[in-house]
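Convention: sequence-line order gives letters A, B, ...; per-chain numbering from 1. These numbers were taken from a predicted model, which means no experiment stands behind them.
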2 protein chains.
Amino acid sequence: MTTAGTARETTTRTGPGAARQHTLRERNLELVARAVYEVPEPLSRAGVAAATGLARATVSTLVDQLVAAGLVRELPAVTGGRAGRPAVPLVPAPRSVVGLGLEVNVDYLGARVLDLTGDVVVEQVVPGSFHDSDPTAVLGRLGALAREVSDGVAAEGMTVAGARLALPGLVDPRTGLLEVAPNLGWSSLEPVPLLGLGDLDVRVANEAKLAALAELAGGSDVAAPDSFIFVSGDVGIGAAIVVDRELFLGERGWNGEIGHVVVDPAGPRCSCGAFGCLEQYAGKEAIMRAAGLPADAPLDSLVAHLAEGAALPDAGRALGSALADFVNLLDVGTIVLGGAYTELLPWLRADVEAVLDDRVLAAPFVDLQVRAAQAGPQAALTGGAREVLQGVLADPSAWV
Amino acid sequence: MTTAGTARETTTRTGPGAARQHTLRERNLELVARAVYEVPEPLSRAGVAAATGLARATVSTLVDQLVAAGLVRELPAVTGGRAGRPAVPLVPAPRSVVGLGLEVNVDYLGARVLDLTGDVVVEQVVPGSFHDSDPTAVLGRLGALAREVSDGVAAEGMTVAGARLALPGLVDPRTGLLEVAPNLGWSSLEPVPLLGLGDLDVRVANEAKLAALAELAGGSDVAAPDSFIFVSGDVGIGAAIVVDRELFLGERGWNGEIGHVVVDPAGPRCSCGAFGCLEQYAGKEAIMRAAGLPADAPLDSLVAHLAEGAALPDAGRALGSALADFVNLLDVGTIVLGGAYTELLPWLRADVEAVLDDRVLAAPFVDLQVRAAQAGPQAALTGGAREVLQGVLADPSAWV
DNA sequence: GCGTAATAGTTCAGTCGTACAACTAATGCG
DNA sequence: CGCATTAGTTGTACGACTGAACTATTACGC
C-alpha cells in the first residue's frame, strides 16, 4: 500500500515560524497550485503568471515542479484561433494523489476515494444498523474496507495522501478522541488505531462538519457560497460553520450543536435533559410523529405524505427560530440545509424564511438565503476526502 | 497633526499575494516585533534570535530597523550576574507610535490614546446623554475632542497610527457604514467623515467588539484567555467572539446579538418584535424592574439592594440559557462578562453556571469558565486603541 | 592583575529564490 | 514568406537569510 502518512503536516502559516528562502518557494508553490486548481478554464503558465502576479520565469519553474510531483498535468497544446505560440493548458492531475473519506454512521459505513480533479475514483458503502454497536468490530470492518479500497488505487499507481474518519458525535480532531456518539452508543475511545491502517495519516472529524465541506466541492450548477451555516437534519441535528471556505471549529470542534438550542422551555423533554430543544420539533422522529407516521419510517414515506398536501409548520418554525438565534450570534447569512432537510426543504422553506425575517436583527440589511445542500448522499465521505486533498493543495512542497 | 493615515493597509497574509523577497522581510519584521512585544521580560537580540529561530545576524538587522522606526527601544545594557558581554534589553517604545480609541455611547463620549507599551497617554471622557441625539453634532463634537487629544500627543512627537470609532449598533467595519444604533437613535449614516479628522485612518466598529479586545490587553493579574465569548450587559446586551486572540466577525461584523436570543417564546414582547428575548430578562431595565427599582436607576443602587440580600434568579437563568445556546453553537468555553454584568457577577454566577452545566452538551468534557471582565471603564476606548496598535505590530514594515 | 571562558553583537561570503530582460518557439495573418 | 503576437526558457542581477568567523564586554579563577 503506497501511502504517505508521516510526512503530512499542516503548514504553520501565521504561526511562529521564521520565514526563510524556502518559505517563499512553499508559499508560491501553493499559490500556483491553487491557481491551477481553482479556475474553471485551464490556465497556461503565462495565464498563471498573470493570475498570481509572479514572473513568468518563476511560474515556469514552479509549474515544472508540480508536474514532476504529479500534482499537475499538461494537456496537449491547444492551437486556438489566436496568434502566437499555442498555450499548454495545465490541469489538476487525475488519478495521481487521492484522498480517502471514511465514515461510520447509524445506518451505513463507507469509504470513498477522490482524486485531485474531484472525481470519485472508487467507493464502497455498506448499509447496516450500527445503533449501539461495538466500536472495535465496526471500526475493524471499516478498516478492512479502507485497506481494500486503498490497496486497489495504490495498485493503479495512485498515492493515498491521507484519510478522514467521519463520526456522528463529539470528536476532537486535535487529540483524535471520540468523547461520545450517542446514536452509535460509543463513548471515550480512540477510533483511529481500531481501523488498523498502519502509518496512513487518518484524522477524525464530526460527520456534519465534513458534510459541510462537501458543499465546497463545486461542480454543481449553483456556486457554493464562501461562508455558510450547514445544518444536517436527521435523528439528531448537527451543524457546521464555514467561513471563507474554511471550517470554523471553535476550541475543540464541538460546535454547531443546534439540535439542543431551546425553542420553547415549556416544550417536551429532550434526551439531553433539557426541555423544548429544537430536536423535539425538527428532529426526524419528531417530524415523523407530527405527520402521523412511525418514528422510524423511511424519509420517502414522509415525502409522499407531504406531496399529498400535509405540512410541517412546527418543524419549520422551530428550525427558523433556532437558525435565527444562530444567525444573530454568528452573522453568517447563508444557510445550507442537508441530510433529511434537503428533501424536506420545499415544505420547510416558507416557515423558516418567515421566522428568519422576523427574528434576525440584521434581516433588513442582509440578503438571508436558505438553500438545499448540493453534495450527494454520504456527503461526509466526499467532504473528508476533499479535506485531505485540500491539505495537499495547501502544502504542495511536501510532494515535490 | 502628525498622522499616518493613508499608508495603513492590512497585510494580506494567506491572501492571493505572490511572495517576493521583501515578503520575507515583512514577515520576519513582524515576527521580531511580536517577540519583543509579547514577552514578559525584555529580550536581547540574541534572545529574540533564540525565540524566533532566526539567525542572530538576521535579528540584528531587523531589530536595528525597528529601533530606527521608533517601534522598539534599547534599554541600557544590563550587566547581570552572568559572564559574557552584557545584553541590550529591547522593549516596546513608549510614547512613539500611538493608537486612538474613540467612542460615542448612550451616556458618554470619549477619546483615549494608548502607546505601544499599553499605557494610557491621555484620555478625555465627557459624560452626557446621547439618547436620540443628532449624529452630526455629536460626532462633530467627538471629532473636535479627538483633534485636541491628537494634536496634543503629536506636539510631543508621537505619531498617531490610526483610530477606531466604537458605536453601539450595527456597523460594518468594511464599508464604514452604520446601519442602525437604536439607543442613539441613529441610522443609515457614514460616521467617519462627520468626525472631520482629515486623512487619519479611522475605522468604525461595534462597541462590544472593541471592549472584548480590551480584555486581551494584559496587565491584569489573571491571564486573559485566548478564546472567549465576551458579553456586555447594559440596556442592550451585546457580545463578541474572540478566537485565538482575534475577533471573529462573521460576514459583516453583525454577530453576537445575544440580547435577542429567545429564552421563552411565551415571555414578554421585546422591542425587536419577538417574544421572550434575553434582553427582556437580563437587560438592565428588566433587571431593575425585577428588583423593584426604576428602570433608569443607577447601577450602584441595584448593587446596594443586592448586597442586602436580594437576588437575580430570572436574569441569571435566562442569561445562562442564552449562553448555553451560544456555547453549544460555537464551542468557546470561556465566557467573560462585561458592562453591568461585571459588577453583578456575584449574584449571577451560580444561576448562570448551573444552567450552563445542565444545557451545554460538552459540559462533562470541558472546563466551562465564567469570569468578570478585567478591562476598566470605557473598555471600548482601550480596545479600539489597542486594535490600532495591533495593526502596527502586524505590519511594522510600513513604519520602517 | 591577567588570562580564559562565556555571551552578545557584527561582518562577510555563500546560497537560494524571484525579477527583469533578452532570447527561442510556435502560431496566425496579410 | 515575413511580420506581429503570444508562450515559454535562459541568464544576470538583486535581495534576504544563514553560518562561521570576528569583535566587544563581562565574570571568574588563579
Side-chain angles (χ1 to χ4, degrees), chain A residues 16-33 35-36 41-68 72-91 396-397 400, chain B residues 16-32 35-36 41-68 72 74-91 396-397 400:
Chain A
R20 297 127 206 275
Q21 300 291 103
H22 62 86
T23 312
L24 282 188
R25 181 47 57 108
E26 287 160 17
R27 175 98 169 67
N28 286 336
L29 264 179
E30 176 188 348
L31 198 67
V32 169
V36 170
E41 290 302 298
L43 289 173
S44 63
R45 286 168 169 80
V48 171
T52 58
L54 290 164
R56 285 213 312 274
T58 310
V59 169
S60 254
T61 63
L62 293 171
V63 166
D64 289 346
Q65 290 189 42
L66 291 174
V67 169
V72 166
R73 184 156 303 176
E74 296 179 307
L75 294 183
V78 56
T79 153
R82 213 177 48 235
R85 173 172 171 174
V88 178
L90 303 167
V91 292
S397 60
V400 172
Chain B
R20 295 119 205 275
Q21 300 290 103
H22 62 86
T23 311
L24 281 188
R25 177 55 49 114
E26 287 160 19
R27 174 102 170 69
N28 286 333
L29 264 179
E30 176 187 350
L31 197 67
V32 169
V36 170
E41 290 302 299
L43 289 173
S44 64
R45 286 169 169 78
V48 170
T52 57
L54 290 164
R56 285 212 313 273
T58 310
V59 169
S60 255
T61 62
L62 293 171
V63 166
D64 289 346
Q65 290 190 43
L66 291 175
V67 170
V72 166
E74 295 178 308
L75 294 183
V78 56
T79 152
R82 216 177 46 236
R85 174 172 171 174
V88 178
L90 303 168
V91 293
S397 60
V400 172

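Taking CG of B/Asn28 as the reference point, atom CG of B/Leu54 lies at 4.5 Å (rounded to 0.5 Å).
OP1 or OP2 of D/dT6 has not a single side-chain nitrogen or oxygen of A/Ser44 nearer than 4.0 Å.
Note: CG (A/Leu43) to P (D/dA7) measures 11 Å, nearest angstrom. Residue A/Glu74 contributes atom CD, which lies 15 Å from atom P of D/dA7 at whole-angstrom precision. With rounding to whole Å, B/His22 atom NE2 is found 16 Å from D/dC17 atom C1'. For B/Glu26 and D/dG15, the CD to P distance is 15 Å, given to the nearest whole Å.
Toward the 5′ end of DNA chain C lies the nearest nucleotide of B/Ala46, the other residue of the pair A/Ala77 and B/Ala46 mapping further downstream. Mapped onto DNA chain D by nearest heavy atom, A/Val88 and B/Leu62 fall at different nucleotides, with A/Val88 at the one closer to the 5' end.
Residues A/Leu66 and A/Pro396 come closest through the heavy atom pair CD2-CB, 3.8 Å. The minimum heavy-atom distance linking B/Val78 with B/Pro89 is given by the pair CG1-CG, 3.9 Å.
Remark: A/Arg25 pairs with A/Leu29, A/Thr61, A/Leu62, A/Gln65 by the side chain to side chain contact (heavy atoms under 4.5 Å, CB included) rule, at least two apart or across chains. Listed by chain and number, the residues in a side chain to side chain contact (heavy atoms under 4.5 Å, CB included) with B/Ala57 amount to none (sequence neighbours excluded). Partners of A/Val67 under the side chain to side chain contact (heavy atoms under 4.5 Å, CB included) rule, at least two apart in sequence or in another chain, are A/Val63, A/Val72, A/Glu74. Remark: A/Arg20 pairs with A/Ala18, A/His22, A/Thr23 by the side chain to side chain contact (heavy atoms under 4.5 Å, CB included) rule, at least two apart or across chains.
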- Would B/Glu26 and B/Val400 satisfy side chain to side chain contact (heavy atoms under 4.5 Å, CB included), going step by step from the backbone distance to the final call? CA-CA 10 Å; B/Glu26 287 160 19; B/Val400 172; over 6 Å; no
- Item | Summary of protein contacts for nucleotides 18-30 of chain D, nucleotide by nucleotide, where a base hit scores B, a sugar-phosphate-only hit scores S (4.0 Å, heavy atoms) | BB----BBBSS--
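Nucleotides of DNA chain C with any atom under 4.0 Å from a heavy atom of chain A span, from 5' to 3', C/dC16 to C/dG28.
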